[in-house]
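Following: one structure in structure tokens, then a few remarks.
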Amino acid sequence: MSLIKECCDTPPVQVNYTPIGKTFKLKDDLDCYVVGDINAKAAIIYIYDIFSLHPNAYQGCDILAKSGFRVIMPDLLRNDQTVEQCLGDSAKFMDFLKRKGTYEVIKDDLDATKNHIKNVEGFENVALIGFCWGAKIVMNLSAHDSFYKAGALVHPSLLEISDFENAQCPMVLLPSMNERDFTEDFAVISAKPFGSLCYHQRFDDMIHGWCAARGEWADAHIASRANEAFSIVVSNFRKILKL
């Protein structure tokens with residue numbers, strides 16, 4: 001299991017964006033961004049990439065919220081920007097993730113997020129979306145908890161075929177040109193009882209991170225492809241969640 005080179009070497013883009021939602025403290029040290037109709041029929045837990053609270057992450061949440069979902073984004077990495085100091089050094093990068101971003105390390109935060117969206121806000125129809133490292137966390141959650149009804153894996157890193165073997169809900173898989181071939185992995189999850197609800201589309205003209213912190217959304221073509229990816233997630237979530 002390893003990160004792809006582009007994940008370790010490429011810095012985030014610089015961009016300004018004003019979020020339309022609000023931030024609140026879920027725990028003393030855990031901020032969450034929430035946006036969308038509290039009376040929506042379904043909710044999405046949004047797991048950003050390793051650059052944390054990048055403006056594109058807020059905008060991604062807002063895009064999904066405008067599509068009719070309640071969206072919550074927990075700041076699982078505590079917006080730790082020291083990760084940029086690891087760029088170009090895969091060993092330092094992996095050490096950062098082992099200290100800050102393994103499922104075991106952030107499990108309590110994930111449990112708190114689930115408790116809020118389920119028991120405080122009252123959602124039972126809940127999907128997951130993860131970008132890069134966040135896609136691995138989506139798979140970890142699906143393997144450990146059948147509560148989640150759907151997942152989206154956008155330009156994913158760290159995934160192994162065992163993640164697809166252990167997933168307990170349909171997945172929308174959207175790799176870029178930089179990720180490995182997921183044909184075999186997708187065949188594994190497609191063989192499950194919910195396999196017909198899974199979806200796989202490769203964006204061979206996009207780089208790793210185009211839907212997150214490395215997305216140059218000022219470029220009309222990249223923005224269009226990012227919007228296409230979000231639209232695919234929305235349409236598949238609506239089908240899976242029966243909205």
Side-chain angles (χ1 to χ4, degrees), residues 1-15 33 44-61 63-64 71 73-103 105-106 109-110 127-142 151-160 163-164 167 171-182 185 200-217 222 225-226 228-230 232-233:
M1 179 178 68
S2 62
L3 288 160
I4 63 170
K5 179 179 181 294
E6 290 76 11
C7 188
C8 300
D9 292 352
T10 312
V13 300
Q14 300 300 310
V15 65
Y33 177 72
I44 297 172
I45 296 176
Y46 192 106
I47 305 178
Y48 51 41
D49 71 2
I50 45 88
F51 293 111
S52 303
L53 296 175
H54 187 274
N56 286 0
Y58 286 110
Q59 191 167 359
C61 289
I63 289 169
L64 295 173
V71 183
M73 176 172 64
D75 186 15
L76 299 171
L77 297 178
R78 305 304 193 270
N79 202 28
D80 188 341
Q81 297 303 309
T82 62
V83 68
E84 291 195 43
Q85 300 170 16
C86 304
L87 292 175
D89 190 325
S90 59
K92 286 185 178 179
F93 217 88
M94 289 302 294
D95 180 67
F96 174 87
L97 288 181
K98 287 176 182 177
R99 289 185 292 105
K100 304 278 293 190
T102 66
Y103 176 74
V105 169
I106 63 175
D109 292 342
L110 296 169
L128 305 163
I129 186 170
F131 303 78
C132 181
W133 156 83
K136 180 70 173 183
I137 302 305
V138 166
M139 284 301 223
N140 290 151
L141 278 168
S142 178
L153 315 167
V154 187
H155 42 77
S157 286
L158 302 166
L159 296 188
E160 302 170 281
D163 293 310
F164 293 84
M171 292 289 165
V172 180
L173 176 60
L174 304 178
S176 76
M177 67 166 71
N178 299 126
E179 281 84 62
R180 64 176 177 81
D181 184 358
F182 283 100
D185 310 73
H200 179 201
Q201 180 174 329
R202 192 170 187 89
F203 284 73
D204 274 326
D205 60 336
M206 290 290 108
I207 64 166
H208 176 78
W210 98 94
C211 284
R214 294 185 177 98
E216 291 276 7
W217 292 355
I222 296 173
R225 294 293 269 164
E228 181 182 350
F230 281 109
I232 289 170
V233 171

Query raised in the report: Considering the options Lys98, Arg99, Lys92, which one meets the side-chain hydrogen bond (donor to acceptor under 3.5 Å, both in side chains) requirement together with Asp95?
Result: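 That would be Arg99; it is the only one of Lys98, Arg99, Lys92 passing the side-chain hydrogen bond (donor to acceptor under 3.5 Å, both in side chains) with Asp95.
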Report summary line: Heavy-atom closest pair (Val138 atom, Gly151 atom, distance to 0.1 Å) is CG1-CA, 4.2 Å
Between [X] (side chain only) and [Y] (backbone N and O only), is there a donor and an acceptor less than 3.5 Å apart?
X	Y	value
Trp217	Asn56	no
Ser176	His208	yes
Asn79	Leu53	yes

Query raised in the report: Once the angle between the rings of Phe164 and Phe182 is folded into 0 to 90°, is it parallel (under 30°), tilted (30 to 60°) or perpendicular (over 60°)?
Result: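 Geometry flag for Phe182 against Phe164: tilted rings.
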Query raised in the report: Hey, are Arg202 and Asp204 close enough for a salt bridge, meaning a charged N less than 4.0 Å from a carboxylate O?
Result: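 So Arg202 pairs with Asp204 through a salt bridge.
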Report task. Evaluate side chain to side chain contact (heavy atoms under 4.5 Å, CB included) for Glu160 paired with Met139, printing each intermediate quantity in order. Result -> CA-CA 10 Å; Glu160 302 170 281; Met139 284 301 223; over 6 Å; no
Requested in this report: With side chain to side chain contact (heavy atoms under 4.5 Å, CB included) as the test, would you mind laying out the steps for Val172 and Gln201 before giving the verdict?
Outcome: CA-CA 8 Å; Val172 180; Gln201 180 174 329; over 6 Å; no
Report task. Please assess Leu76 against Leu110 for the test side chain to side chain contact (heavy atoms under 4.5 Å, CB included), listing each intermediate value before the final yes or no. Result -> CA-CA 8 Å; Leu76 299 171; Leu110 296 169; 3.9 Å; yes
Query raised in the report: Is there a salt bridge (Lys or Arg N to Asp or Glu O under 4.0 Å) between Asp185 and Arg180 once you walk through the steps?
Result: CA-CA 11 Å; Asp185 310 73; Arg180 64 176 177 81; 2.8 Å; yes
Query raised in the report: When you check the side-chain N and O atoms of Asp75 and Tyr48, is any donor under 3.5 Å from an acceptor?
Result: yes
**Report entry** Heavy-atom neighbours of Lys100 NZ exceed 12 at 6.0 Å
**Finding:**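 Correct, the count exceeds 12.
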Requested in this report: Taking ring pair (Phe, Tyr, Trp, His ring centres under 6.0 Å) as the test, write out the residues that go with Phe131, two or more places apart.
Outcome: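 Here the qualifying residues are Tyr46, His155.
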Requested in this report: List the steps and the verdict of side chain to side chain contact (heavy atoms under 4.5 Å, CB included) for Tyr103 and Leu141.
Outcome: CA-CA 8 Å; Tyr103 176 74; Leu141 278 168; 4.1 Å; yes
